[in-house]
Participant: 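Dropping the structure in here first, questions after.
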Amino acid sequence: MPLLYDFEVESVQDLLDVLAANAKRRRLEKGLSRKSLSMMSGVPVPTIAKFEQKHCISLSGFVAIAKALGYAKEMKGMLGEPKFTTMEELDTINKNKNRKRGRNEFD
């Protein structure tokens with residue numbers, strides 16, 4: 001039986017809004033212009049502006065910005081620990097810890 005996850009009520013767009021707002025807030029708290037953050041991260045200024053305004057950026061761009069703002073450790077920790085809501089799910093996680101490939105359970 002496939003596991004069904006409850007990813008809370010936030011939509012992907014809600015999460016993007018929060019990430020972009022937090023990144024902009026951290027940039028401004030450090031007194032950095034977009035140009036300064038661009039020089040520190042290697043992410044072009046227009047890409048930073050697009051991220052802050054339209055919440056669109058590549059994963060590598062986001063990680064570069066987060067690293068430049070001092071969040072490398074937090075980025076490395078993302079998805080680092082398994083999440084579960086039931087003991088059955090924990091049993092499945094423990095059973096599959098050393099798997100190298102997934103399986104298609106929807107066929």
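Fair warning: this is a prediction, and the values are worked out from it, not measured in the lab.
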Participant: Looking only at non-hydrogen atoms, find the nearest pair between Ser41 and Ile48 and report the distance.
Facilitator: OG-CD1, 4.4 Å
Participant: Any link between Phe84 and Leu79 through a network of hydrophobic side chains (Ile, Leu, Val, Met, Phe, Trp, Tyr) touching at under 4.5 Å?
Facilitator: no
Participant: Can we say Lys83 and Glu89 salt-bridge, meaning some charged N sits less than 4.0 Å from an Asp/Glu carboxylate O?
Facilitator: no
Participant: With rounding to the nearest 0.5 angstrom, report the OG to CZ distance, Ser33 to Arg27.
Facilitator: 7.0 Å
Participant: Please find the pair of heavy atoms, one from Met40 and one from Ala68, that lie closest to each other, and give the distance.
Facilitator: CE-O, 3.3 Å
Participant: So how far is it from Leu19 CG to Lys24 NZ, rounded to the nearest 0.5 Å?
Facilitator: 15.0 Å
Participant: When clusters are formed by joining ILVMFWY residues with side-chain heavy atoms under 4.5 Å apart, either directly or through shared neighbours, do Met75 and Ile57 land in the same one?
Facilitator: yes
Participant: Shared ILVMFWY cluster between Phe51 and Met39, side chains joined below 4.5 angstrom?
Facilitator: no
Participant: Can you list the steps and then say if His55 with Lys50 is a side chain to side chain contact (heavy atoms under 4.5 Å, CB included)?
Facilitator: CA-CA 7 Å; His55 317 135; Lys50 186 176 179 182; over 6 Å; no
Participant: Looking at CD1 of Ile65 and CZ of Arg26, how far apart are the two atoms once the value is rounded to the nearest 0.5 Å?
Facilitator: 14.0 Å
Participant: Is there a donor-acceptor contact under 3.5 Å from the side chain of Arg34 to the main chain of Val45?
Facilitator: no
Participant: Start with the C-alpha gap between Val43 and Leu37, add the side-chain angles, then the distance that decides, and say whether side chain to side chain contact (heavy atoms under 4.5 Å, CB included) holds.
Facilitator: CA-CA 8 Å; Val43 176; Leu37 181 57; over 6 Å; no
Participant: Looking at Ser11, is its backbone amide N or carbonyl O close enough to the side chain of Asp14 to form a donor-acceptor pair, meaning the two atoms are under 3.5 Å apart?
Facilitator: yes
Participant: Treating Ile, Leu, Val, Met, Phe, Trp and Tyr as nodes and any side-chain heavy-atom pair under 4.5 angstrom as an edge, say whether Leu32 and Val63 lie in one connected cluster.
Facilitator: yes
Participant: Leu69, Met78: one ILVMFWY side-chain cluster at the under-4.5 Å cut-off?
Facilitator: yes
